[in-house]
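See below for the structure under consideration.
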Amino acid sequence: MKKRVAVLGSTGSIGTQTLQVIDNHNSLFEVELLTAFNNCTLLIEQALQYRPNVVVIGNSNLYSTVRDALEKTDIKVYAGKDAINQVVEMDTIDTVVIGIAGIDAIEPIIRSLQNNKKIALANKESIVVAGSIIMEEAVKSSGQIIPIDSEHSAIFQCLMGEVGNAISKIVLTASGGPFLNANISDIRSAGTKEALNHPNWNMGDKISIDSATLMNKGLEAIEAHWLFDIPADKIDVLIHPQSIIHSLVYFVDGSVKTQLSYPDMKIPIQFALGYPNRMKSGLPELDLLEKSELKFMPPDVKKFRNLALAFKALKSGGNMPCILNAANDIAVKAFMEEKINLLDIPNIIEKSMDSIPLIKTPSLQDYFQTDIVAREITLEIINNSR
Ligand code: MG
């Protein structure tokens, strides 16, 4: 029987690549649910092609557009964030692909786990912010979280068959982004076009900016802490500009495991969908003779202060990663609107982290409240600095 897949965020970068993977394996998977927030044109197109049981448009103002376009089909159409949270519970869904950005993913992740779904997780903000609560639900659930983030997919693959074996550390690899070799003044004067120009990966805008500032790697360190139950002092970051080695696990016996592939998100997406089985990808085989010069260097945390701030937040714990994430979100938006430069981002985040009280063991409501407060305070900080 085909596995029935829900794709949350089907019109985004992860969503569209997920549908390509499903196209390549249409004897194994079928689409049960598609959701998008604003892009109703593409959502309608996808619905007509994949014929899911249900589609949800997040922005309620677009409901009638989607409903009218799908009127002649038997596809059910709903609208609004609450609808997204509810439909993931449908018992016709086997796997939920979380391709939506931001903390809007927290609720659907928790509901999916409570309904024992397999989750293919591309969203990192939800785990960064509410990892304590999500992982608690994951333990209770007979569902499972399979990471799509390439580094975490690599670590997950390295840990297969290693239950109970002691890990001495994990190392997250980072391409270094478009400013790896740039000097401080070049980074300060960089515009959105330069910052979005990632050398290896094809990703959405927010994550491309986060890669340019190394915040992405900081968020990934926090994500790894929760997903793999690894303390901050056992997580390292290594710059590896070719993006062939997708992270490493060091074991206490001196052995190190890694996963290598060309940087193509369809590989971790396909791994998560197919897990525990591997499927043909049709992608070119990795040629190590062509990629014979794999390079590694330490990250420059003076140039990329965001990385140090993320580790500071991880070590503080509680709601501090939530503050970091919200402040970064607002600062990245301000950069995209050309109100601040890239080097302002860590200064703004640091001020937000210093201004908001730490809650040591937050409830889910505390996390949502912290997110709101942190966004307001960060906006104030930005406006006061101009
Ligand atoms: Mg990643």
Side-chain angles (χ1 to χ4, degrees), residues 9 12-18 21 97-103 105 109 119-129 131 145-159 170-180 195-228 230 235-249 258-273 275 283 294 296 299 304 306-307 310-311 313-314 321 324-325 328-329 332:
S13 172
I14 293 293
T16 51
Q17 294 184 79
T18 298
V21 169
V97 178
I98 307 281
I100 52 180
I103 65 166
I109 290 171
I119 293 180
L121 180 70
N123 174 292
K124 67 191 78 179
E125 295 93 338
S126 53
I127 299 283
V128 165
V129 169
I145 298 176
I146 318 291
I148 285 181
D149 206 348
S150 59
E151 296 77 3
H152 306 77
S153 175
I155 295 165
F156 185 94
Q157 293 180 54
C158 292
L159 292 176
I170 64 169
V171 177
L172 296 167
T173 50
S175 69
F179 303 120
L180 175 60
L196 288 171
N197 185 24
H198 197 278
N200 301 336
W201 295 99
N202 162 22
M203 306 180 291
D205 284 0
K206 160 73 167 47
I207 186 172
S208 295
I209 301 295
D210 284 347
S211 295
T213 65
L214 287 202
M215 179 54 91
N216 185 51
K217 212 49 55 180
L219 297 176
E220 286 179 354
I222 303 172
E223 185 186 3
H225 159 74
W226 287 114
L227 286 176
F228 305 113
I230 305 273
I235 304 174
D236 271 353
V237 171
L238 197 59
I239 302 293
H240 164 46
Q242 294 83 11
S243 300
I244 295 295
I245 289 190
H246 298 300
S247 288
L248 310 104
V249 179
T258 183
Q259 179 256 343
L260 299 81
S261 72
Y262 287 123
D264 186 322
M265 284 311 294
K266 287 195 284 300
I267 296 176
I269 290 170
Q270 167 168 320
F271 176 82
L273 281 181
Y275 178 79
L283 293 166
L294 298 181
F296 305 93
F304 300 105
N306 276 347
L307 186 59
F311 271 90
L314 173 56
L324 172 96
N325 176 67
N328 179 58
D329 216 18
V332 169

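All values reported here derive from a predicted model rather than from experimental measurement. Atoms within each ligand, like the ligands themselves, are counted from 1 in listed order.
- You'll find the side chain of F228 reaches within 4.5 Å of the side chain of I155, heavy atoms only.
- Summary: OD1 is the N/O/S atom of D149 found nearest to the Mg ion (ligand 1).
- Side-chain contact between K206 and N328 is present, with at least one heavy-atom pair separated by less than 4.5 Å.
- The closest side-chain donor-acceptor pair between N325 and K124, if any, does not fall under 3.5 angstrom.
- For the Mg ion (ligand 1), the nearest N, O or S atom contributed by E220 is named OE2.
- No hydrogens or angles considered: nothing links the side chains of H246 and S153 as a donor-acceptor pair under 3.5 Å.
- Per residue E151, closest N, O or S atom to the Mg ion (ligand 1): atom name OE1.
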